[in-house]
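Note that the structure is a prediction, hence the values are computed from the model and not measured. Here is the naming used below: chain letters follow the sequence lines, and residue numbers restart at 1 for every chain. The analysis underlying the following values was restricted to heavy atoms, covering all of them including side chains, and did not include hydrogens, waters or symmetry mates.
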Amino acid sequence: DTAVSQTPKYLVTQMGNDKSIKCEQNLGHDTMYWYKQDSKKFLKIMFSYNNKELIINETVPNRFSPKSPDKAHLNLHINSLELGDSAVYFCASSVLGGRSPLHFGNGTRLTVT
Amino acid sequence: AQKVTQAQTEISVVEKEDVTLDCVYETRDTTYYLFWYKQPPSGELVFLIRRNSFDEQNEISGRYSWNFQKSTSSFNFTITASQVVDSAVYFCALSEENYGQNFVFGPGTRLSVLP
């Protein structure tokens, strides 16, 4: 009965590779997010989708491409991985409007070597 | 613009001490929501509480209490009689009613409770 699940939990890869992280929520929420947490624990929003439509796109390199096939899924594809992409990536979901708290997945630790 | 400041980077206390984590926010909206999240060493982000801008009543939940003061734009979190299991990074966050797609997080406060 996991609410927000993301896979994989760990991802170790070499520079220049392409990788994807998947996220699914079963809470019936209409909005999903990707956050990046760096080594200093700063949490920064990357993207947000509402009912499959992109509504937030922060200044993220275009090597990062989110895809939302339906409102329960938001995947993150990263091309040409760089060392600086190493971080923990969190998927989250909520109901649009700011009132509803974010429900987070358990995170994906990406290590680029 | 939205901004959340948590001035305390790290705090260490001895078990059973009380500890207060500070949070100061900036917002352009009249209706907004404040949140606290806990990130234990295992890494997951756990939602603790939400307050809306119209409700300045303080809240208590067990050993946890929250003090919301609009006059000082603060939403502080107190843990009474701290326990080792309270050791975690705590994040304060803000979302705005009219810009509700974007939750902004503070930089976090790392709390270490020593036995």
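Within a 6.0 Å sphere centred on NZ of B:K38, heavy atoms belonging to other residues, nucleotides or ligands number more than 12.
Contacts between B:Y32 and chain A at a heavy-atom distance below 4.5 Å are absent for every atom of the residue.
Contacts with chain B (heavy atom to heavy atom, under 4.5 Å) involve these residues of residues 81-90 of chain A, listed by number: A:F90. Below 4.5 Å, heavy atoms of chain B meet heavy atoms from A:L102, A:F104, A:N106, all part of residues 102-113 of chain A. Applying a 4.5 Å heavy-atom cutoff, none of the residues of residues 67-86 of chain B approach chain A.
Both B:V104 and B:W36 belong to a single network of hydrophobic side chains, linked directly or stepwise wherever heavy atoms of I, L, V, M, F, W or Y lie under 4.5 Å apart. Side-chain heavy atoms closer than 4.5 Å link hydrophobic residues (I, L, V, M, F, W, Y) into clusters, and following such links, even through other members, never connects B:V19 to B:V14. When the side chains of ILVMFWY residues are joined at heavy-atom separations under 4.5 Å, either directly or via intervening members, A:I45 and B:F91 end up in a single hydrophobic cluster. Side-chain heavy atoms closer than 4.5 Å link hydrophobic residues (I, L, V, M, F, W, Y) into clusters, and following such links, possibly through other members, connects A:I78 to A:M32. Two different hydrophobic clusters hold A:F42 and B:L45 under the rule that ILVMFWY side chains link at heavy-atom gaps under 4.5 Å.
How far NZ of A:K41 is from OG1 of B:T9: 14.5 Å, rounded to the nearest 0.5 Å. We find the CD-CZ distance between A:Q37 and B:F105 to be 9.5 Å, quoted to the nearest 0.5 Å.
Scanning all heavy atoms of the two residues, the minimum distance from B:F35 to A:P101 falls at CE2-CA, 3.5 Å.
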List the atom pairs, with distances to 0.1 Å, where a side-chain N or O of residues 10-18 of chain A and a protein N or O form a donor-acceptor pair under 3.5 Å, not counting sequence neighbours.
{"from": "A:T13", "atom 1": "OG1", "to": "A:N17", "atom 2": "ND2", "distance (Å)": "2.9"}
{"from": "A:D18", "atom 1": "OD1", "to": "A:S80", "atom 2": "N", "distance (Å)": "2.8"}

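For the pair B:R50 (side chain) and A:R99 (backbone), a donor-acceptor distance under 3.5 Å is present.
Checked against the 6.0 Å centroid criterion, the rings of A:Y35 and B:F103 do not qualify as a close aromatic pair.
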